[in-house]
Amino acid sequence: MIRTHDAGSLRASDAGTTVTLAGWVARRRDHGGVIFVDLRDGSGIAQVVFREEDAHALRNEFCVKVTGEVTRRPAGNENPDLATGEIEVTASALEVLSEAAPLPIPIDDNVDAGDDIRLKYRYLDLRRSGPANALKLRSRANQIAREVLHGHGFHEIETPTLTRSTPEGARDFLVPVRLQPGTWYALPQSPQLFKQLLMVAGLERYYQIARCYRDEDFRADRQPEFTQLDIEMSFVTQDDVIALGEELVAKLWGELAGHQVQLPIPRITWTDAMNRYGSDKPDLRYGVELNELTDYLRGTEFRVFAGAIDAGGYVGAVVMPGGAAQSRKELDGWQDWAKARGARGLAYVVLDESTGEPRGPVAKNLSADHLTGLADQVGAKPGDAIFFAASAHRREAQELLGAARIEIAKRTGLIDADAWAFCWVVDAPMFERTDDGGWTAVHHPFTSPNSEWLDRFEEAPDRALAYAYDIVVNGNEIGGGSVRIHRGDVQSRVFDLLGIAPDEAQDKFGFLLEAFKYGPPPHAGIALGWDRTCMLLSGNDSIREVIAFPKTRGGFDPLTSAPTPITAQQRLEAGVDAKPKAPAPAAGSAGVAAPVEKSN
RNA sequence: GGUCCUGUGGAGCAGUUGGAGUGCUCGCCGCCCUGUCAAGGCGGAGGUCGCGGGUUCAAGUCCCGUCAGGACCGCCA
């Protein structure tokens, strides 16, 4: 070893020891006759004192080796802000291991550069403690997951990243195949099908920290390549998977966020989540629940509401505490906010601060009876504002109110930034209508109906429930999974309902169906969105912070400049333009949902 | 695909209703300085105001286009 000690590990008890440190010049304070250098290595920082001229030439981020004696700092010169603040190293020898050019970005925990420049010089960005700690936290999270899972007899098994295209779902990333020009691999959107095959194989308990790829538009919490903690178990029920998920989450948050997760984590049905919070990933850190008014307002002459009610739809409201104090401009701003979300607007009534009298454009359109009981019906007080949404499509109106609920919480400061509110969203619907009147799987077509619906989901596909569950914290979905169908007859009936003909199913999932002929065990699983989980654990608001070398919103990597054009020679060899020998199977039709796990 | 925000020395920011020398902090270079810890003092270098058009006597500032980064909607079932 080039060094004898880690700089950050030195304490007063090391005084008198001669040590050799190696690291970087984090900061230097040159007083002429005495020069202080903060020497930083992976463990932290120690102050080195030079009394020789040669240290004068040191510059920030020079990589150096220093030998010297650990001494207690003179009385009054201790630095309580530093773990090593009681001591310093009095240098007797200095060797410059490598010099550093002037830096393109400051390596300073107090200064944040722009995203593109940070990513271009990510190796410098990561010399800062914040960014480095995020990656270290993620490493520990991986370790905790492995400890928990191996404790339960799981096997870590890798699955291919060069595989076949998944019909529908997100867009695939495609890789041309030189050996068979005109054919393409797809990068997996998740290891979903492979992990089910591993259950057929009798491995019983599988997990993988798996890289997944989806070619869609990116966000603060979405990257083209991302990671799932992917898990599948045989001979278990939904409750078994949920119990495992809770153990993982409790250990992760317990150690990495210093938060004791109360177990069991409360469960809310998907329908309740939509009715009360207008979201399938409700943020339970605050109230502001939705109120359904469909029955209350039945018979109203206000056309916007009557139209929705007559169409068998939904009218509901959400209350903004103190919202009556908003200016006309602010209230108009809500209309723009709603329109930006594709809604026609957001009807509102404000309750007079002192009299509680309902006012506003909508109030004029409601009958005296409806106005009189309105405040009680929605739990509003004088000084509050009531926002309404109405639609023939229940979910659409609820989601608008759900978004308004979040916005209200933000604007009125109802969100406790230190709180962690976990819940499981269970009993998700099996199917939802497609635009052309058919049905599509909400989770994926291999998700099992629950026991209540197993034999009769065809009777009311819109009400049939699945053994599907999502784990949500603070309004973020951090994982989801389901019990899978393992019976051929049930799978056939699901395909029938989804309008997938047997030959089409064979074409798309033939290898899985074939495997399922040979005694597939009952199995179930879950996938945790690992980037998002680590983002939350590290207190960041972008998953880019927990990825070593992330890409920008445009899928560009400022460090390597990927992606790049290819040469004519590469293009020819890769067979990008070659025509396949056999015609491509018809691209996804009939609204088949992707057989991929929903985890982010 | 849509809406919005940002783009000014190496970094982070300011720049008024369009008006004469684009300013500040940090960093960088040189000198001074023996107890600092985001050290301090003095001096200095460094800018196509993202790019291209347009309006104007005059554009960092207004308009159009475009590129880049970010936030959101669509998308991601």
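Chain A is the first sequence line, chain B the second, and so forth, proteins listed ahead of strands; every chain is numbered from 1.
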Only pairs with both distances under 3.5 Å count, Watson-Crick or wobble alike; so what is the partner of B:rU3 in this structure? B:rA71

A cation-pi test, strictly: NZ or CZ of A:R463 under 6.0 Å from the centre of the six-membered ring of A:W453 and no more than 45 degrees from its axis. Yes or no? no

Could you tell me whether the phosphate oxygens of B:rU36, OP1 or OP2, come under 4.0 Å of any side-chain nitrogen or oxygen in A:R29? no

Distance between C1' atoms of B:rG41 and B:rU36 (Å, rounded): 15 Å

Using purine N1 to pyrimidine N3 plus N6-O4 or O6-N4 for Watson-Crick, or N1-O2 and O6-N3 for G-U wobble, both under 3.5 Å, which nucleotide pairs with B:rU34? none

Name the pairing partner of B:rC13, where a pair is Watson-Crick or G-U wobble with both distances under 3.5 Å, or state none. B:rG23

Which base sits across from B:rC76 as a Watson-Crick or G-U pair, both distances under 3.5 Å? none

Work out how far the C1' atom of B:rG23 is from that of B:rA14, and round it to whole angstrom. 7 Å

Rounded to whole Å, please give me the gap between CG in A:D30 and P in B:rC37. 14 Å

Are there any protein N/O atoms within less than 3.5 Å of an N/O atom in nucleotides 29-31 of chain B, and if so, which ones and at what distance?
unit_1 : atom_1 : unit_2 : atom_2 : d
B:rC29 : OP1    : A:R59  : NE     : 3.0
B:rC29 : OP2    : A:R59  : NE     : 3.3
B:rG30 : OP2    : A:R59  : NH2    : 3.0

Just to confirm, is there a sub-4.0 Å distance from OP1 or OP2 of B:rC28 to any side-chain nitrogen or oxygen of A:N60? yes

I'd like to know if A:R118 reaches the base of B:rG69 with its side chain such that a donor and an acceptor end up less than 3.5 angstrom apart. no

Could you let me know what B:rG18 is paired to, Watson-Crick or G-U wobble, both distances under 3.5 Å, or none if it's on its own? none

Check the distance between B:rA11's P and A:L103's CG and give it to me in whole angstrom. 12 Å

Ranking A:R341 and A:E216 by the position along RNA chain B of their nearest nucleotide, the one closer to 5' is A:R341

Could you measure between the two C1' atoms, the one in B:rC75 and the one in B:rG65, and give it in whole Å? 27 Å

Using 4.0 Å as the upper bound for N to carboxylate O, is an ion pair formed by A:R544 and A:D115? yes

A:Y121 OH - B:rG12 P separation (whole Å): 12 Å

A:D115 has an atom CG; how far is it from atom P of B:rA71, in whole Å? 7 Å

Should the ring pair A:F495 and A:F509 be called parallel, tilted or perpendicular, given that the plane angle runs from 0 to 90° and is split at 30 and 60? parallel

Within-4.5 Å side-chain heavy-atom neighbours: A:Q335 and A:Y348: yes

Looking at side-chain heavy atoms only, is the closest gap between A:I485 and A:P449 below 4.5 Å? yes

As its Watson-Crick or G-U partner within any shown strand, both distances under 3.5 Å, B:rG46 has none

Rounded interatomic separation in angstrom, taking CD1 from A:I500 and C1' from B:rA77: 12 Å

Nearest to side-chain heavy atoms of A:I117, which nucleotide of B:rG69, B:rC33, B:rG12: B:rG12

Could one point to a donor on the side chain of A:D116 or the base of B:rG70 with an acceptor on the other under 3.5 Å away? no

Take atom P in B:rC13 and the same atom in B:rG74, then report the distance between them in whole Å. 29 Å

Euclidean distance for P, B:rC62 against B:rU8 (whole angstrom): 15 Å

Under 5.5 Å between ring centres and under 30° between planes: does that hold for A:H444 against the base of B:rA77? no

Would you call A:E477-A:K281 a salt bridge at under 4.0 Å N-O? no

Please check if the side chain of A:E216 supplies one atom and the backbone of A:R171 the other of a donor-acceptor pair under 3.5 Å. yes

Using a 3.5 Å distance criterion without hydrogens, assess whether the side chain of A:R40 forms a donor-acceptor pair with backbone atoms of A:G44. no

With a 4.0 Å cut-off on heavy atoms, is A:G342 in touch with a base, just the backbone sugar-phosphate, or nothing at all? nothing

Expressed as a whole number of angstroms, how long is the span from A:Q223:CD to B:rA71:P? 10 Å

Distance below 4.0 Å between A:R219 side-chain N/O and B:rC75 OP1 or OP2: no

Any side-chain N or O of A:T440 below 4.0 angstrom from OP1/OP2 of B:rA77? no

Cationic N near anionic O, under 4.0 Å, A:R211 to A:D230: no

Base, sugar-phosphate, or nothing: which does A:D215 touch, judged by heavy atoms less than 4.0 Å apart? nothing

Measuring to OP1 and OP2 of B:rA71, would you say a side-chain N or O of A:R544 lies under 4.0 angstrom away? yes

Without decimals, in angstroms, what is the distance between A:L124 CG and B:rG27 P? 17 Å

Evaluate the side-chain proximity of A:S561 to A:F556: yes if any heavy-atom separation is below 4.5 Å, no if none is. yes

Taken to the nearest whole Å, CG/A:D217 to P/B:rC76 is 10 Å

Here's a test of your reading of the structure: between A:F36 and A:S542, which maps to the more 5' nucleotide of RNA chain B? A:F36

May I ask you to verify if any side-chain N or O of A:R27 is less than 4.0 angstrom from the OP1 or OP2 atom of B:rA39? yes

Any N or O donor-acceptor pair linking the side chain of A:R222 to the base of B:rC76 at under 3.5 Å? yes

Is B:rG52 paired to anything, Watson-Crick or G-U wobble with both distances less than 3.5 Å, and if yes, which nucleotide? B:rC64

